[in-house]
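Take a look at the structure below.
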Amino acid sequence: MQQPTQGPDAPSSSPRYQQPRRGWGNPAPLAPPPPSLDHFPPLGKENPEGKQRSPHSVPSYQRADQPHGQQPHRPKAGPLASNNNPIAPRRFDRRPPRLPVAHYEQFFVEQAANLEKVAKSLLEEISPPDEETVAKNELLHLLQGICRKLVPTAVLIPFGSLVTGFSTASSDIDCVFVAGPLNDPATPEVSDDLPALLERSLQEEDFDAQLLTRTRVPIIKMKQRAAPGIGEIQCDIGFKNFLAIHNTQLLLCYSKCDVRVKQIVLFVKWWAKNRHINSPYRGTLSSYGYVLMILHYLINIVQPPVLPNLQLQPIPQGTADSEIHYKEGGSEYNIWFAKDITNIGPSPNTSSAGELLRGFFDYYSYKFAWGQSVISIRTQGGLLTKQDKDWCMAKSRPANTSDGAETWEVKDRYLFALEDPFETVHNVGRTCNGPGVRRIRDELRRAMDLIKFRGDGGQRLERFLCEEAPPERPFVKKEDREPKDPNASMSPGAENENAAEEAANSGAAAGGKAAEDLVLDTLDAVKELSLNS
Ligand code: ATP
Ligand code: MG
């Protein structure tokens with residue numbers, strides 16, 4: 001009798017499951033576990049072409065020469081958990097108490113109901129209070145006024161969670177500076193010196209503002225101090241990131257397609273923030289990345305699908321070209337997606353948000369092939385392979401600093417591959433380093449284990465699932481640092497980034513939001529240092 005060792009039906013490593021006693025009326029033997037898809041070699045360690053794997057490198061439970069009937073052995077700290085694989089999840093030592101196997105199915109249903117309860121109550125708890133939304137809109141107005149002193153026709157277009165409705169009390173304001181109406185061909189280009197001028201204007205208005213020039217697009221990060229009843233408000237002003245406006249609209253449309261989308265997104269964002277895996281500056285994933293993961297699950301994985309693929313809907317005749325093609329920085333993007341969702345009927349999937357959440361954690365804990373797959377929500381099926389996209393090795397590109405000197409741009413990582421729906425050469429998961437991906441996977445498995453086995457009702461489930469993780473430990477490993485030689489796929493600036501990450505990691509021991517701020521400050525300071533040197 002073989003038991004699955006992976007997947008949703010995997011019971012546990014408890015001997016009770018592995019060696020069922022006689023007389024339990026066990027069904028026919030289950031198929032052996034599918035070969036793990038996770039053996040994608042870690043970055044920089046790909047097998048040279050043609051080189052055969054040693055048979056010993058194949059985990060024992062995958063070998064074809066297993067004696068028939070022998071229970072495949074799942075190693076305690078198997079190859080997935082080996083230190084050589086930067087994205088392999090760790091196994092948890094402390095497991096929550098389990099229910100007797102007879103209650104297993106019923107328990108799943110109960111836990112989905114609990115999860116549903118938690119997700120619904122969270123909606124109220126973490127949605128920003130009305131005063132905060134008003135304050136954010138007022139701040140946006142005020143900032144636009146400051147921008148107009150520099151460029152009289154300037155507009156600040158909001159994007160991100162303020163527009164999609166996925167914002168939580170701590171969400172920042174994301175906006176992009178445009179020198180005039182977006183679709184007006186007469187709108188002038190933003191001059192190169194404008195970001196620095198705006199930074200100075202904001203500082204003169206007593207805002208805490210800082211221009212980051214080594215980011216993918218120039219960004220001013222600024223804060224408005226806390227006021228009575230309203231916490232500090234953070235705002236990012238971008239300059240050349242118009243695609244963000246389009247992807248925000250896409251997310252908004254998906255959210256309008258089904259009410260469960262917002263419930264699931266808010267729950268996952270809350271969980272990711274509390275578990276400290278929502279810090280792109282610290283090697284994990286942005287909120288945007290988590291939303292794409294959820295959309296992939298709801299469009300392509302759950303059956304029947306909860307969401308249609310809006311990017312694959314036929315283009316109605318007479319659609320303006322500006323709705324289909326968009327040019328920016330010498331590249332053209334296909335930005336088509338169906339915005340009129342009135343013709344798209346309700347989903348045949350009637351699962352509760354709780355059941356869908358359980359499925360989401362299950363999929364990313366045990367089924368998604370992190371080592372091989374690329375999430376691509378624009379694609380039929382939603383998955384590509386890293387080989388398809390040539391996203392197998394980290395890359396660095398030559399670039400220029402703001403003063404024109406030649407340098408290397410921070411490398412792209414593909415440990416977690418999450419294709420942007422419009423800018424398909426961009427990996428939204430590039431912010432994830434090895435330890436970051438490992439932590440995300442650990443947390444997903446921790447969540448799934450809690451959902452599976454915690455038999456103590458909704459309240460405690462909520463507490464254990466989303467309780468704030470302990471302060472982050474330093475996690476920049478030696479092998480994750482870039483090599484010193486630029487020819488060996490390196491980026492000189494990246495060394496400073498690592499220094500920043502390290503400084504940030506030690507600073508983070510302070511824990512909480514303050515640590516996060518320190519992380520950003522340190523990272524930015526070192527980035528700027530590297531610019532000046
Ligand atoms: P939060 O409430 O946490 O701020 P959010 O919904 O605003 O969440 P963000 O991660 O702040 O999500 O992203 C806002 C926008 O920034 C996204 O709509 C996207 O356009 C852009 N963005 C964020 N992260 C990335 C990324 N890694 N790559 C490309 N674009 C990104
Ligand atoms: Mg945001």
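These numbers come from the heavy atoms of this one structure, side chains and all, not from hydrogens, waters or symmetry mates. Remember, it's a predicted structure, so these values are computed and weren't measured experimentally. We number each residue from 1, following the sequence as shown. Atoms within a ligand are numbered from 1 in the order they appear, just like the ligands themselves.
When the heavy-atom distances from atom 11 (O) of ligand 1 to Asp174, Leu251, Leu252, Leu266 are ranked, the shortest goes to Asp174.
Around the CG atom of Asp321, the shell of radius 6.0 Å holds more than 12 heavy atoms that belong to other residues, nucleotides or ligands.
Minimum-distance N/O/S atom of Asp172 relative to the Mg ion (ligand 2): OD1. Restricting Asp174 to its N/O/S atoms, the shortest distance to the Mg ion (ligand 2) is reached by OD2.
Looking at Thr164 next to ligand 1, no N or O pair under 3.5 Å apart turns up. In terms of N/O distances under 3.5 Å, ligand 1 is approached by Ser161. Distances between N or O atoms of Ser167 and those of ligand 1 include no value under 3.5 Å.
Listed by atom number, the atoms of ligand 1 under 4.0 Å from His426 heavy atoms are 26 (C), 28 (N), 29 (C). Listed by number with element, the atoms of ligand 1 under 4.0 Å from a non-hydrogen atom of Thr248 are 18 (O). Listed by number with element, the atoms of ligand 1 under 4.0 angstrom from any heavy atom of Asp172 are 4 (O). Numbered from 1 in the order shown, with element, the atoms of ligand 1 that lie under 4.0 Å from a heavy atom of Ser171 read 1 (P), 2 (O).
Among the atoms of Asp236, none of the N, O or S atoms falls under 2.8 Å from the Mg ion (ligand 2).
Shown are Phe239, Phe242, Phe159; of these, the ring-ring contact (aromatic ring centres under 6.0 Å, His included) with Phe177 is made only by Phe239.
For an aromatic pair to be called close, the ring centres must be under 6.0 Å apart, and His296 with Tyr363 satisfies this.
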